[in-house]
Undergrad: 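Got a structure for you, questions after.
In this chain, residues are counted from 1 in sequence order. Just so you know, ligand 1 is whichever comes first in the structure, and atom 1 is the first atom listed for that ligand.
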Amino acid sequence: MTLLSVNAITRRYTSPGFCFGRKRPIVAVENVSLSLQQGTILGLVGESGSGKSTTGKLVLGLEKPDSGEVIFAGNPLPAARDSSWRSLRAQMQMVYQDPLAAMDPRMTISSIISEPLHIHGIGNSDERDERVSVLLRSVGLGGDIGKRYPHELSGGQRQRVVLARALASGPRLLVCDEPVSALDVSIQAQILNLLADLRDEFHLTILFISHDMRAVRSICDELAVMYLGNIVEIGQTDDIVHAPAHPYTRALMSAVPALGRIITEMDLIDGEVDSGSTETEGCKFYRRCPHATYRCRQERPRLAAVVPGRQVACHFVEENGGVP
Ligand SMILES: Nc1ncnc2c1ncn2[C@@H]1O[C@H](COP(=O)(O)OP(=O)(O)OP(=O)(O)O)[C@@H](O)[C@H]1O
């Protein structure tokens, strides 16, 4: 069953800087479509500024699309933040990168986890206490941790608390935005394993936003690769990892061992969408692509099925008959 459908959403911003006396338009997300089947983890990958976080916010209704729509459990996200929006929102939760920033330092861990239950009016006092105990156990935290404060916990423990809090209202969808990138590498695998276990235990569907190919490889069933606001490739994780088709996906895959360094270089070349690249008719990857032709400069490639279950937006891939 399809839990989430994102249909051709576009979100533009106006940057604070000027370009030829005009404010620069930024197309953060352009014509993005996604579909998440219940119980799957879809990884949204791409370098900094490719529009991953904006897509996550649009999915949750924290940002409004300029065009397109988000359908959750068969219901379009309401335009206004009314009661129907709030009831849908209780079923969709965000997990951010920095657990400390997501917690009130003056609240105990128990109060932090039970706060969404208060907000959504779920349960009485005893039921909420019981729910907090269950959630703490589910995220692998025990003892008297509920009585402690965020600063008394390690980074990994804090991210476990953030997950417990996100699960408190019984969501069906989690949007995890770089949930492990602030953690030590040794802790990252534990949290990723926990997330996979929680998916099974709580029947979750997860949109997993990350620039870290190792993380997405280990946890995601499907991948959507974003470049300057567009999805350029989407398919099963194993298929994409073993035979990346889009030249940008290939660059990302080959960059895995030193991803941080490569991303920094990429940012220096093309970091933000400028007016030229947003208005261009052609492929946004044209200037960095080893296979670019005249057609790529003139005509924006559309996502097309190159093999069953895989879509790629690339003239080179299309003209050469699929995944090389
Ligand atoms: N509120 C905003 N106002 C203006 N520009 C914005 C705003 N939010 C995002 N952008 C711009 O939109 C583009 C996409 O940003 P977004 O944060 O979605 O990318 P990202 O892939 O999540 O990158 P990162 O991993 O660095 O967060 C960037 O050029 C960013 O500067």
Undergrad: Nearest 0.5 Å, what's the OG-NE2 distance between S125 and H118?
TA: 7.0 Å
Undergrad: What are the atoms of ligand 1, with element, lying closer than 4.0 Å to any heavy atom of T54?
TA: 9 (C), 15 (O), 16 (P), 18 (O)
Undergrad: Could you state whether V241 and I234 fall into the same hydrophobic cluster, counting links through intermediate Ile, Leu, Val, Met, Phe, Trp or Tyr residues with side-chain heavy atoms under 4.5 angstrom apart?
TA: no
Undergrad: Taking only distance into account, with no hydrogens and no angle test, what donor-acceptor pairs under 3.5 Å do side-chain atoms of residues 35-42 form with protein atoms, sequence neighbours excluded?
TA:
from: Q37; atom 1: NE2; to: T2; atom 2: OG1; distance (Å): 3.0
from: T40; atom 1: OG1; to: Q37; atom 2: O; distance (Å): 2.6

Undergrad: Given V45, I26, L44, identify the one with the heavy atom nearest to atom 29 (O) of ligand 1.
TA: I26
Undergrad: So is E47 touching ligand 1 or not, going by heavy atoms under 4.0 Å?
TA: yes
Undergrad: Starting from I122, walk the hydrophobic network (Ile, Leu, Val, Met, Phe, Trp, Tyr; side-chain heavy atoms closer than 4.5 Å) and list everyone else you reach, by chain and number.
TA: L117
Undergrad: Please tell me if the side chains of E319 and R295 come closer than 4.5 Å, counting only heavy atoms from C-beta onward.
TA: yes
Undergrad: Knowing that exactly one of E30, H315, E281 qualifies, which makes a side-chain hydrogen bond (donor to acceptor under 3.5 Å, both in side chains) with R300?
TA: E30
Undergrad: Does G46 have a non-hydrogen atom less than 4.0 Å from ligand 1?
TA: no
Undergrad: Answer yes or no: does an N/O atom from S50 fall short of 3.5 Å to an N/O atom of ligand 1?
TA: yes
Undergrad: Any N or O on A28 sitting closer than 3.5 Å to an N or O of ligand 1?
TA: no
Undergrad: Quick one: does S48 get an N or O within less than 3.5 Å of an N or O on ligand 1?
TA: yes
Undergrad: Can you find an N or O of T55 that's nearer than 3.5 Å to an N or O of ligand 1?
TA: no
